[in-house]
Engineer: 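I'd like to ask you about the structure that follows.
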Amino acid sequence: MSFPLLTATAAVPAIGAIATAAVPAARRAVAKWLALLFSLVTLGLAAVVAVRFDPGAKGPFQLTESHAWIRDFGVRYELGVDGIAVALIALTALLIPFVILAGWHDADPLEDTSPNRRWRPTQGFFALVLAVEAMVVISFEATDVFLFYIFFEAMLIPMYFLIGGFGDRAGADGEERSATLRSQAAVKFLLYNLAGGLIMLAAVIGLYAATADQLGSGTFSLTEIVQARADGKLELGTGTERLLFLGFFFAFAVKAPLWPLHTWLPGSMGESTAPVAVLITAVVDKVGTFAMLRFCLQLFPEASGWATPVVLVLALISILYGALLAVGQRDIKRLIAYASISHFGFIIMGIFAMTSQGQGGATLYMVNHGISTAALMLVAGFLISRRGSRLIADYGGVQKVAPVLAGTFLVGGLATLSLPGLAPFVSEFLVLVGTFSRYPAVGIVATVGIVLAALYVLVLYQRTMTGPVKAEVRTMPDLKARELAVVAPLIALLLFLGVYPKPLTDLVNPAVDHTLSVVDQHDPRPDVAVKADAEAAK
């Protein structure tokens, strides 16, 4: 039997989480280095997956593994990856070492010696980060719907403890944040996502019942269901398919997050440490948009087309609403959170544009948004840890005392507004082109989000980094070696993918073409070509 590479890629961080949690409390340094080691091994395995994956090979999935699990209910341990999954696994494995390095001291014991002080076990923080990585990776790999559902829900548990138990120590007013606010953010995160997951569970059961009724035995296998539909052996019926689609889509829209199901995100990111905020928006939330491509569109092609106009309107609202609220924010972290809501609107718009440029751009957007948001949020975290405040008004003139910090903050901000030459520009351009070719009005209105992005990013930089040096930041140190090791590779990757995105496009385009073929969608023909053909016919 060949080496189970996909299983190993998810199992290594899971084993690392157990090993890190088992480190004695007195050996905090050992826990940190052990977690970093396991994250680097996972990154190496993700690189092997990317190298072994052949974008030109036939079939939707590669490196597949399939074993019987719960035979009586047709549940299988079934894994496989396409180009989209490979790109997102690589993104996850790349970001986790930086999350660990950036949070190197975030879980150190508090100096507070009062009887009511909170216990913050260092090894618990890093173990939870690795646990999230393991669950996210296997979610990208799972081709059995039930297997995917288990880890889609299970990742909420470590995230809940990371938000509530290891929240930001510096409040918006520069004082110690109360445990109540952190707990409220964690509970809201959990309740929203659990509600979505429970609705999805009902849809998963409904899908199983439909396959059992028509195929003779129920199955959760994505490949079997798609093939049965293609062969005409499985017909869900219009009403049934649309109800099942809504059950799946609701859960993914909460995770994404899509307006109006987004309200848990600003609080969760605001009350989290910067590394955990990166984990939320750059890693965990990508599972929602990925699942729209893998499950919503491929399992329910007719319902996806039926829902497209409404989804595009919701995506457009997310783009404008998130950007407008980002403009008015006083809190640095909440500004980045609302900017992410706007960016996820672009991603979902690209997915449901049902064009190769739109879906290819949406996949690139997931990767590029992960890198750019990680860079901006982590630098913002370094800035906040120095000043002890998240309020924009508490800063000024930082570039004069910490030029490297200000410079990296600027590059991360420019990437967020999709400046040409940086990676997010390519993906945003493809999403807009792909949307405009089929829905011109939606594409035109969405460009307003670009203008607003320039406004909130440049105003943020101007108010924090330029102007007179405030007394509170006069002695602020510049980035240290560990912090540079976190930020520099992300900046380099933004520049590289900004001028040479071909490795990513070659990887994801075949998977996008397969998805479009399953939903029976084709790129609209340009008007010029249509007119030329009409004239030739005359």
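Worth knowing before you read on, the calculation uses all heavy atoms, side chains too, and leaves out hydrogens, waters and symmetry mates.
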Engineer: For residues Ser39 and Ile96, report the shortest heavy-atom separation together with the two atoms involved.
Structural biologist: CB-CG2, 3.9 Å

Engineer: For residues 306-317, which side-chain donor-acceptor pairs fall under 3.5 Å, sequence neighbours excluded?
Structural biologist:
residue : atom : partner : partner atom : Å
Thr308  : OG1  : Ser304  : O            : 2.7

Engineer: Using distance only, find each side-chain donor-acceptor pair of residues 282-291 under 3.5 Å and give its atom names and separation, not counting sequence neighbours.
Structural biologist:
residue : atom : partner : partner atom : Å
Lys286  : NZ   : Thr281  : O            : 2.8
Lys286  : NZ   : His369  : ND1          : 2.9
Thr289  : OG1  : Lys286  : O            : 3.2

Engineer: Side chains of residues 125-138: which donor-acceptor pairs under 3.5 Å do they make with residues two or more places apart or in other chains?
Structural biologist:
none

Engineer: Would Ser221 and Thr223 satisfy side-chain hydrogen bond (donor to acceptor under 3.5 Å, both in side chains), going step by step from the backbone distance to the final call?
Structural biologist: CA-CA 6 Å; Ser221 172; Thr223 52; 3.0 Å; yes

Engineer: Quick one: CG on Leu95 to CG on Leu279, what's the gap to the nearest 0.5 Å?
Structural biologist: 9.0 Å

Engineer: Indicate yes or no for a side-chain donor-acceptor contact from Ser372 to the backbone of Ala415 under 3.5 Å, with no hydrogens or angles considered.
Structural biologist: no

Engineer: Answer yes or no: is there a side-chain heavy-atom contact under 4.5 Å between Thr435 and Thr355?
Structural biologist: no

Engineer: Donor-acceptor check, side chain of Ser427 to backbone of Pro424, threshold 3.5 angstrom: yes or no?
Structural biologist: yes

Engineer: Less than 3.5 Å apart, any donor N or O on the side chain of Ser66 or Arg76 sitting next to an acceptor on the other?
Structural biologist: yes

Engineer: Between Phe352 and Phe249, is the gap from one ring center to the other below 6.0 Å?
Structural biologist: yes

Engineer: Is there a donor-acceptor pair under 3.5 Å between the side chain of Glu241 and the backbone N or O of Ala303?
Structural biologist: yes

Engineer: In the structure I gave you, are the side-chain heavy atoms of Leu156 and Met159 within less than 4.5 Å of one another anywhere?
Structural biologist: no

Engineer: Table please: side-chain donor-acceptor pairs of residues 191-209 below 3.5 Å, with sequence neighbours left out.
Structural biologist:
residue : atom : partner : partner atom : Å
Tyr192  : OH   : Thr263  : OG1          : 2.6
Asn193  : ND2  : Phe189  : O            : 2.8

Engineer: Between side-chain atoms of residues 50-62 and protein atoms elsewhere (two or more places apart, or another chain), which donor-acceptor pairs fall under 3.5 Å?
Structural biologist:
residue : atom : partner : partner atom : Å
Asp54   : OD1  : Gly56   : N            : 3.1
Gln62   : OE1  : Asp54   : N            : 2.9
Gln62   : NE2  : Asp54   : O            : 2.5

Engineer: To the nearest 0.5 Å, what is the distance between CG (Leu297) and CD1 (Ile351)?
Structural biologist: 7.5 Å

Engineer: How close do Arg294 and Ala142 get, heavy atom to heavy atom, and via which atoms?
Structural biologist: NH1-O, 3.0 Å

Engineer: Would you give the length of the straight line joining atom CZ of Phe250 to atom CZ of Phe245, rounded to the nearest 0.5 angstrom?
Structural biologist: 13.0 Å

Engineer: Under 3.5 Å, sequence neighbours excluded: what are the donor-acceptor pairs made by side chains of residues 4-13?
Structural biologist:
residue : atom : partner : partner atom : Å
Thr7    : OG1  : Glu65   : OE1          : 2.4
Thr7    : OG1  : Tyr77   : OH           : 2.7
Thr9    : OG1  : Leu5    : O            : 2.8

Engineer: Taking the ring centre of each residue, are Phe300 and Phe295 less than 6.0 Å apart?
Structural biologist: no

Engineer: Any sub-3.5 Å donor-acceptor pair from Thr447's side-chain atoms to Ile444's backbone N or O?
Structural biologist: yes

Engineer: With a 4.0 Å cut-off, would you call Glu235 and Arg229 a salt bridge?
Structural biologist: no

Engineer: Which distance, rounded to the nearest 0.5 Å, do you find between the CG of Leu417 and the CD of Glu428?
Structural biologist: 9.0 Å

Engineer: Do His343 side-chain atoms and Thr416 backbone N/O form a donor-acceptor pair below 3.5 Å?
Structural biologist: yes

Engineer: Kindly check if the number of other-residue, nucleotide or ligand heavy atoms within 6.0 Å of OH (Tyr149) is above 12?
Structural biologist: yes

Engineer: With heavy-atom distances below 4.5 Å as the criterion, would you say the side chains of Val81 and Ile89 are in contact?
Structural biologist: yes

Engineer: Rounded to the nearest 0.5 Å, what's the gap from CG on Leu432 to CD1 on Ile450? Could you check?
Structural biologist: 4.5 Å

Engineer: Is atom OH of Tyr321 surrounded by more than 12 heavy atoms (other residues, nucleotides or ligands) closer than 6.0 Å?
Structural biologist: yes

Engineer: Rounded to the nearest 0.5 Å, what separation is found between the NE2 atom of His514 and the CD1 atom of Ile84?
Structural biologist: 9.5 Å

Engineer: Using a 3.5 Å distance criterion without hydrogens, assess whether the side chain of Trp259 forms a donor-acceptor pair with backbone atoms of Ile341.
Structural biologist: no

